[in-house]
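One structure is given here, and the rest of the page talks about it.
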Amino acid sequence: MATPLSDLSLSPLRTIAVVGLGTMGTGITEVLARAGREVIGIDVSEAQAARSLAALETSTARAVARGKLTEAERAGLLARVRIGTDLSAAAGAGLVIEVVPESYDIKHQVFRELDGVVGPDTILATGTNALSVTRLAAASARPERVLGLHFFNPAPAMKLVEVVSSVLTAPGAVAAVTDLAIELGKEPVAVGDRPGFVADGLLFGYLNQAAAMYEAKYASREDIDAAMRLGCGLPMGPLALLDLIGIDTARTVLEAMYAESRDRLHAPAPILKQLSEAGLTGRKSGRGFYSYEAPGSATVVRDALTPLDGAALTPGRTVRSVGVAGSGTMASGIAEVFAKAGYEVVLAARSEEKAQAAKARIGKSLDRSVGKGRMTAEAAARTLDLITPAGSYDAFADVDLAVEAVAEDLEVKRQLFQALDKVCKPGAVLATTTSSLPVVACARATSRPQDVIGMHFFNPAPAMKLVEVVRTVLTGEDVHATVREVCGRIRKHAVDCGDRAGFIVNALLFPYLNNAIKMVEEHYASLDDIDAAMKLGGGYPMGPFELLDVVGLDVSLAIEKVLHREFRDPGLAPAPLLEHLVAAGCLGRKTGRGFREYARR
């Protein structure tokens, strides 16, 4: 007697067929077999089926060598897997997962053939990350049993599984595959049917913008990737990730997203089309944004675009002493960084008391480093002795480099640069740490705009390795060279970018955060599911809502407004929910409530 779909969650899915034995299909097969399921692997190509079996044998042999499987467990796992080319072998499966190429025609054909093979209660799952589950379900004889089951690559390692329902999907089918995902040791996230779902829906917009940024020659591929790794803690930069995913695959996902959203942020950057049509699809072809040792290799090799090591720059100016303007966390962090590198530092604030308090904060930070064994007490004392607090910017008269870290307010910064122009000696480099305001506006407040540059440190400055070096059209080449040399001495990774809103990191990060807020506004997914999806599926150290609450919703809104004003793109307009929370005083952790509530300290 057939099991009603409403009762499927009570009936464990013991035999599962996987149709399509590429990298993803093979990985899913291994995950299922490891969890004790009988697996029927099917591919139209005998050669691919053989490669899949060989890959499975190799992968499990590695697991034995690493002590993660015993030989007996490996033998049992392999015995549970049957590989073939005949779709009729799926007849006895309780679940079929298809991971064939991302084409409606191919997937429709598979679903039509499966309708004639499987039983009336078999659940049919598509592994698509770009196509409409509803459209695929509608072509099936029993659309209520069709859903999406989106694993992430590599399937054995990645914890996230997106369970995708259409308006036609029976709740029992969703419950059954959700239970299965949990039994597989995965973290299932329930989502509705829209291109990209949660993780790819947020990820691919960000990747697209990175490709467009590179295409516009705003920054080099190396600097874009380094900025996002070091500035956001991501495991890979966006262009390297596009090469790993496949540039043709990314273009397909983006085209599907744009067809639904008509958001220009999802319109595939022209370079993605050009590379795809040229066959330069990334690692799998041996060349994409980067060049690789061979097709399928992860080893990047030098090409015509690779920067030369130690490329000659215009000679920089000598920097022995540094002035840091400000008394907040960022100013004290920057002063600590320079002092640790051996520079004499003048830490100036609006009053002697504020400057002394900032130096005291640095002392506590150095004590923590001593306590953790990162430096000796003697080194900490020497570092602190290099910092001289001052209650007036007049103390900057002899510094070689002045770095401002005051409020993110253009008028405040202009007034400070007017003061620095009068106080600092000729030849001193004047730098702003702004994260979103135009550097040239600070430069024009002085009589020496050629000496002004952006040095955007990230918080906390002692820990974060990245500095965005921002040149205006007026910045002197020797000033740029000076700051690059200084970044090397303070052990920071410098990336070059032009003077436009958001520079590299914020210009790519905040549209992604804004799109996450829009998902919640549209009731597409919950805060927790979105955060989980991006941590587990995208490798992000924090989910978007965790990060927004840490950064501060007011700060985030201000950056969103700057980006929207500069680029005039409707897709960059701040999400209304963000504006409403800021208006209500819910600014994140610092107020005890943002997207989530926090215990008061």
Side-chain angles (χ1 to χ4, degrees), residues 20 22-25 45 47-48 51 99-107 127-131 152-154 195-196 200-201 203-229 234-308 495-498 504 507-508 538:
T23 302
M24 180 60 82
S45 163
Q48 185 58 49
R51 281 193 292 268
V99 274
V100 301
E102 290 287 84
S103 158
Y104 279 116
D105 289 342
I106 296 172
K107 289 183 187 291
T128 185
N129 68 338
L131 305 181
F152 287 74
N153 202 18
D200 286 352
L203 178 65
F204 279 87
Y206 148 71
L207 296 177
N208 192 41
Q209 287 179 281
M213 180 181 280
Y214 171 71
E215 186 171 20
K217 294 182 169 57
Y218 175 67
S220 71
R221 62 192 181 183
E222 288 83 2
D223 279 355
I224 291 171
D225 280 354
M228 298 313 292
R229 283 189 291 104
L234 298 179
M236 293 183 77
L239 302 179
L241 182 54
L242 279 164
D243 276 358
L244 174 62
I245 292 167
I247 292 166
D248 51 342
T249 301
R251 179 186 169 200
T252 299
V253 174
L254 285 164
E255 284 175 342
M257 290 172 66
Y258 181 66
E260 179 168 305
S261 70
R262 291 297 163 187
D263 185 335
R264 286 197 315 221
L265 297 177
H266 299 151
I271 193 170
L272 299 178
K273 178 182 178 182
Q274 293 158 13
L275 290 171
S276 295
E277 293 185 347
L280 307 178
T281 53
R283 285 192 190 181
K284 60 189 175 186
S285 70
R287 185 176 161 198
F289 286 99
Y290 296 90
S291 295
Y292 298 88
E293 199 169 53
S297 171
T299 303
V300 175
V301 296
R302 179 176 293 279
D303 60 22
L305 298 176
T306 305
L308 296 173
V495 297
D496 286 323
C497 50
I504 296 174
L508 295 178

Rounding to 0.5 Å, atoms CD1 (Ile504) and CD1 (Ile224) come to a distance of 6.0 Å

With a 4.5 Å cut-off on side-chain heavy atoms, are Gln274 and Glu215 touching?
yes

- Query: Does the distance from a Lys or Arg side-chain N to an Asp or Glu carboxylate O, for Glu277 and Arg251, drop under 4.0 Å?
  - Reply: yes

The reported gap from CG in Asp263 to CG in Asn208 (rounded to nearest 0.5 angstrom) is 10.0 Å

Q.
Within the structure provided, determine whether Pro235 and Arg229 are in side-chain contact (heavy-atom separation under 4.5 Å).
A. no

* **Evaluation steps, side chain to side chain donor-acceptor pair (under 3.5 Å), between Tyr290 and Asp225** => CA-CA 11 Å; Tyr290 296 90; Asp225 280 354; 2.6 Å; yes

Output for pair (Leu207 CG, Ile245 CD1), nearest 0.5 Å, gives 5.5 Å

In short, Glu255 meets Pro268 closest at the heavy-atom pair CG-CG, 3.6 Å

Q) Are Thr128 and Glu102 close enough that a side-chain donor and a side-chain acceptor fall under 3.5 Å? A) yes

The reported gap from OG1 in Thr299 to CZ in Arg283 (rounded to nearest 0.5 angstrom) is 8.5 Å

Answer yes or no for Arg262 and Tyr258: cation-pi contact, defined as NZ/CZ to six-membered ring centre under 6.0 Å and angle to ring axis within 45°.
yes

Query raised in the report: Between the side chain of Tyr218 and the main-chain N/O of Gly498, is any donor-acceptor distance below 3.5 Å?
Result: yes

So CG of Leu239 and CG of Leu244: to nearest 0.5 Å the spacing works out to 12.5 Å

I'd like to know if Asp248 pairs up with Lys273 as an ion pair, taking the criterion as any Lys NZ or Arg NE/NH1/NH2 lying under 4.0 Å from an Asp or Glu carboxylate oxygen. no

Smallest heavy-atom separation, Ala211 atom then Ala269 atom, equals CB-CB, 4.2 Å

Fill in: Side-chain donor or acceptor of Lys107 paired with backbone N/O of Val100 under 3.5 Å
yes

Note to self: Please check this pair: side chain of Ser291 against backbone of Arg287, looking for a donor-acceptor N/O pair closer than 3.5 Å.
What the structure shows: no

| Side-chain touch Arg302/Leu308, heavy atoms, less than 4.5 angstrom | yes

For Lys284 and Pro295 the tightest heavy-atom approach is O-CB, 3.4 Å

In short, Asp200 meets Met257 closest at the heavy-atom pair O-SD, 4.2 Å

Interatomic distance, CG@Leu241 vs CZ@Phe289, rounded to 0.5 Å, equals 11.0 Å

On a heavy-atom basis, the closest approach of Ser261 and His266 is OG-ND1, 2.8 Å

>> Can a donor-acceptor pair be found, under 3.5 Å and without considering hydrogens, that links the side chain of Thr281 to the backbone of Ile247?
In response: no

- Message: I'd like to know if Asp303 pairs up with Arg221 as an ion pair, taking the criterion as any Lys NZ or Arg NE/NH1/NH2 lying under 4.0 Å from an Asp or Glu carboxylate oxygen.
- Response: yes

Shortest non-hydrogen pair, Met213 vs Ala507, comes out as CE-CB, 4.0 Å

